[in-house]
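These notes concern the structure reproduced below.
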Number of protein chains: 2
Amino acid sequence: MKSFFSHFKIQVNSSLYLKDPHSSELGERIIYKSINLIDELGFEHFTFKKLAIEINSTEASIYRYFESKQKLLFYLINWYWCCVEYRLVFETANISDPRARLTKAIHILSSIPDGDSEAINSVEVPLKKLAMNESIKVMMTKEVDAENKEGVFSVYKSIVKRVVEIIKEINPKYPYPNMLVSSLIEGSNQQRFFEAHLPGLTNFKEGQDQVEQFYMDLVFKVLMNE
Amino acid sequence: MKSFFSHFKIQVNSSLYLKDPHSSELGERIIYKSINLIDELGFEHFTFKKLAIEINSTEASIYRYFESKQKLLFYLINWYWCCVEYRLVFETANISDPRARLTKAIHILSSIPDGDSEAINSVEVPLKKLAMNESIKVMMTKEVDAENKEGVFSVYKSIVKRVVEIIKEINPKYPYPNMLVSSLIEGSNQQRFFEAHLPGLTNFKEGQDQVEQFYMDLVFKVLMNE
DNA sequence: GCAAATATAATAGTAATACTATCATTTATG
DNA sequence: CATAAATGATAGTATTACTATTATATTTGC
């Protein structure tokens, strides 16, 4: 159990920072404040200058922690992915029925966690919102291959792999488990964006989590054996 | 039939340009060259300055046609959406079986068209690649609500609506047709990006269009009545 | 408690970006 | 051929995404 815990100590890939932001008070101010500020401005309008003003510091100081705003966003997204993997492991650990485990996994991947009862820390919910609205912009770039080589996507891949394993228990013949999981993760983020801004592309209903229900229905139907 | 054709004369929403690029030779050089250049550099590294050099013109001249590079990209994406709607209407027009019509629609939405036999013009294929890799970056921004009000998404919504109608013929009780279609459109683009750069998230197989097959399988299973 | 190391702040500077403005020149049109 | 319209050439601004330098705090090791 020891190696298990050490794996889940929320430790973001060190290629994403120049200096560990958790190692100092300024570092913590940088990451905590950037979550709000990116959310507020949108990543395009977010700058280190604006962040520096918010935390009463300077651009130069922030650059000692992160080499670019893209890396900072990747850091935050990785932090979120670490939260998700943690929950995925612990919340499915003692469920023996693979279908119940998959239900739990779909919930974790597609819903916005309840801050009080589900989130493992105070930033999981705001991080989820960041990942939802901004992550795809730093993923779908020309730099993706270089970043992949640095290991930026290892946690993400590990999450997909874990859920794929559950799917294989339920229907080992299903030919597209990886695509099903990755399209669920990214698709649910996008559907929530659409719900908020382009509801005509969705089947929005007040007071119901249509996104989670949509994917719950979809995944189980797709895995049905004929 | 006349009003039909006039609807499909590839006419991109006029809120997207200051001066119609199809009205002059320079305008056409701008849009044709920008397709290649955005694809080559990625939208983040694409600038009007670089485009101006490529077409032997100036930044100022390009700004007479498009108020920003975002609007230019939206213009190109809308152009692509117009191609897709055109094909969607004409290629399904005389198919009576709704399942065969849906098969065709999924093909049009999820595949990369064959330049010789399928594309309706010389830019559909490069436009598809642009839409695939870059569209989400201008869609998921803080400006989306303003752009939506200007009608930038009307063709996109119309495409979704057309496919939703087919789905309703096949299974009128299915509760999430809009989400199914919009997740298919965006998801297939992303899955193709993953295939190329993060194949571990997919079920890539040499020589097969796994993306189209994945969605073909998925949509029909999801629409099955119990 | 003090020196040395380290972290941060303050400031300055650069090249590129995303524009706007002005004016001269070319090209199309009536 | 005159006039308008389109384009080119040039310049300029504010912002961005950094890098570099030096001064001032703050921490730590002895």
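Taking 4.0 angstrom as the limit, A/Ser57 places a side-chain polar atom (N or O) nearer than this to OP1 or OP2 of C/dA9. A close approach under 4.0 Å does not occur between any side-chain nitrogen or oxygen of A/Thr47 and OP1 or OP2 of D/dT15. Taking 4.0 angstrom as the limit, B/Tyr65 places a side-chain polar atom (N or O) nearer than this to OP1 or OP2 of D/dT7. Checking the phosphate oxygens (OP1, OP2) of C/dA16, no side-chain nitrogen or oxygen of B/Lys50 falls inside 4.0 Å. For B/Ser61, no side-chain nitrogen or oxygen approaches OP1 or OP2 of D/dT7 to under 4.0 Å.
A/Phe66 places its CZ atom 15 Å from the P atom of D/dT19, with the value rounded to the nearest Å. Between the NZ atom of A/Lys49 and the C1' atom of C/dA9 there is a distance of 12 Å, given to the nearest Å. The distance from atom CD of A/Glu44 to atom C1' of D/dA17 is 16 Å, rounded to the nearest whole Å. If you measure from atom NE2 of B/His45 to atom P of C/dT17, you get 10 Å, rounded to the nearest angstrom. Remark: P of D/dT7 and CG of B/Leu18 are 13 Å apart, rounded to the nearest angstrom. D/dA5 atom C1' lies 16 Å from atom CG of B/Asp20, rounded to whole Å. Distance CG (B/Leu26) to P (D/dA5): 18 Å, rounded to an integer number of Å. One atom, NZ of A/Lys71, and another, P of D/dC18, lie 11 Å apart when rounded to the nearest Å.
Using the six-membered ring where Trp is involved, B/His22 and B/Tyr75 have ring planes that are tilted, between 30° and 60° apart. Ring geometry, A/Phe46 versus A/Phe48: the interplanar angle exceeds 60°, so the pair is classed perpendicular (tilted spans 30 to 60°).
The nucleotide whose nearest atom lies closest to any side-chain atom of B/Thr58 is, among D/dG8, C/dT8, C/dA9, D/dG8.
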Between the protein and nucleotides 19-29 of chain C, are there any N/O to N/O pairs under 3.5 Å, and if so, what are the atom names and distances?
residue: C/dC19; atom: O5'; partner: B/Tyr63; partner atom: OH; Å: 2.9
residue: C/dC19; atom: N4; partner: B/Glu59; partner atom: OE1; Å: 3.3

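B/Tyr17 has its ring centre no less than 6.0 Å from the ring centre of B/Phe74. Aromatic pair A/Tyr32/A/Trp79: ring centres closer than 6.0 Å.
Scored by the side-chain contact (heavy atoms from CB on, under 4.5 Å) test, A/Gln210 finds A/Glu195, A/Asn203, A/Lys205, A/Gln208, A/Gln213, B/Tyr176, B/Met179 as partners (sequence neighbours excluded).
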Go through it in stages, so that I can follow the logic: the residues are A/Glu118 and A/Lys128, the test is salt bridge (Lys or Arg N to Asp or Glu O under 4.0 Å), and I'd like the CA-CA distance, side-chain angles, deciding distance and then a yes or no.
CA-CA 12 Å; A/Glu118 294 185 309; A/Lys128 167 79 189 177; over 6 Å; no
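Within the 4.5 Å cutoff, the side chain of B/Ile112 has heavy atoms near those of the B/Met132 side chain.
Backbone-only engagement by B/Lys19 is indicated by non-hydrogen atom pairs under 4.0 Å involving sugar-phosphate atoms exclusively.
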